[in-house]
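One structure below.
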Amino acid sequence: MTAELLKANELHKVDPVFGQVSFDGHEQVVFCHDKDTGLKAIIGIHNTVLGPALGGTRMWNYTNEWEALNDVLRLSRGMTFKNSISGLNLGGGKAVIIGDAKTQKTPELMRRFGQFVDSLSGKYITAEDVGMETKDMDTVNEVTKHVAGISVERGGSGNPSPVTAYGVFMGMKAAAKYKYGSDSLEGKKVLVQGIGHVGEVLVQHLTESGALVTITDINEDRVNQVGAKYGAKIYTGADLYSADVDIYAPCALGATINDATINNIKASIIAGAANNQLANEAIHGKILKEKGILYAPDFLINAGGVINVYSELVKWTNAQVMEKTENIYNTALEIFKFADDNNITTHQAAFSMAQKRIDDAKNELKK
């Protein structure tokens, strides 16, 4: 696909939106542009059967607009199943802003984005994701009420990253329980890829539990800082996927489990915070199963953040948030057993459980 204009009779050959595999029946895709602020954003609303679509906004310097579109569609779809399997009365949506969050993000750009969110009249509720901070959600909140994850000072739940990390930690403990017979992580070698807000808190939990933690990130200064803070080993090898570890925890961007990496993975458990870790859910999920690698479905174990921001809408206490996040442990064990009992992948098991809740709700609406 080039940047050249196509003739109208050639567009059907491209299928730029509906033809994307990741489109997967999205209800609505909104392209947002504002010349004055430089805003280029895409909002994906995948499904609203269970409630308004809630999902964070990611700001990333995508290679091209097609990459951005595919990312928002995959992320939006993932939120549908994350919210469903977590028992939340929410649909799935997501937004991406194309640009460098460090150099191109301004209050004016965020307010303009908030106006686009507001124009959807509550069908989509935004929140924090990669490239965003709580203060950005506060700025968005200046022009729309359809935002969660705002600061505690403004009556919100604050940064969701610590709760996300805690949910991943609980999911990892459940995987260890199912794989090794004990949920103790003491002495287990864990590689954490991506030391952002979530990754660092996960490193803290792992270190406190006695795990032997190795970390890696594209930001060298960040790795050195976190490594020194928690005494974590810094990975220096050429192929992190073949590292001699028990648990691989992808906590950066998605699709790290792909054709080029999957056969190199030595870990016996994959449990991390990244969204859409499997480049191809069917193919790579099956390969992991055949290799005897236990995969903790990402859209289940990284749901702590959305549970936290959902608390703003339903007025849950902090104790209720932590209780529901801890329950990720029990749900993960159910999924692992369901997958084995039915000889399917753990991703298929989680997906089917989430889809059933959506289907049941849809059938109720038809009555």
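This is a predicted model, so every value here is computed, not measured.
Taking a 4.5 Å side-chain heavy-atom cut-off between Ile, Leu, Val, Met, Phe, Trp and Tyr, the cluster of V143 contains only that residue.
If you look at Y124 and H146, their ring centroids are not closer than 6.0 Å.
Here salt bridge (Lys or Arg N to Asp or Glu O under 4.0 Å) pairs that include residues 73-92, with residues two or more places apart or in two chains, are D24-R77, R77-E281.
For K189, the salt bridge (Lys or Arg N to Asp or Glu O under 4.0 Å) partners at least two apart in sequence or on another chain are D244. R111 is linked by a salt bridge (Lys or Arg N to Asp or Glu O under 4.0 Å) to E108, E142, counting only residues two or more places apart in sequence or in another chain. For E312, there are no salt bridge (Lys or Arg N to Asp or Glu O under 4.0 Å) partners, not counting sequence neighbours. Every residue was checked against the salt bridge (Lys or Arg N to Asp or Glu O under 4.0 Å) condition with E128, not counting sequence neighbours, and none meets it.
Not one N or O on the side chain of D246 forms a donor-acceptor pair closer than 3.5 Å with the backbone of K188. Side-chain atoms of D118 never come within 3.5 Å of backbone atoms of G114 as a donor-acceptor pair (strictly under, hydrogens ignored). Counting only distance, with no hydrogens or angles, the side chain of Q104 and the backbone of D100 share a donor-acceptor pair below 3.5 Å. A distance-only check finds no donor-acceptor pair linking the side chain of S161 to the backbone of H197 [under 3.5 Å]. A distance-only check finds no donor-acceptor pair linking the side chain of N275 to the backbone of L75 [under 3.5 Å]. Side-chain atoms of N302 come within 3.5 Å of backbone N or O of A273 as a donor-acceptor pair. Using modelled atom types, one side-chain atom of S209 and one backbone atom of L206 make a donor-acceptor pair closer than 3.5 Å.
Surrounding CD of E290 are more than 12 heavy atoms belonging to other residues, nucleotides or ligands, all under 6.0 Å away.
Screening N342, D340, D341 for a side-chain contact (heavy atoms from CB on, under 4.5 Å) with I344, the sole residue that qualifies is N342.
No side-chain N or O of N224 forms a donor-acceptor pair with one of D221 less than 3.5 Å apart. With no hydrogens or angles considered, a side-chain donor-acceptor pair links Y180 and S268 at under 3.5 Å. There is no side-chain donor-acceptor pair under 3.5 Å between S86 and Y310.
Contact detail for I335 and P297: the closest heavy-atom pair is CG2-CG, 4.3 Å. Of all heavy-atom pairs between C251 and G199, the closest is CB-CA, 4.4 Å.
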>> Between H284 and Y295, does the side chain to side chain contact (heavy atoms under 4.5 Å, CB included) criterion hold? Intermediate values first, please.
In response: CA-CA 10 Å; H284 299 129; Y295 171 64; over 6 Å; no
>> side chain to side chain contact (heavy atoms under 4.5 Å, CB included) for F336 and K179? Distances and angles first, verdict last.
In response: CA-CA 10 Å; F336 299 149; K179 188 73 175 179; over 6 Å; no
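Between H46 and M79, every side-chain heavy-atom pair lies at or beyond the 4.5 Å cut-off.
Under a 4.0 Å N-O distance rule, the pair D183/K177 does not qualify as a salt bridge.
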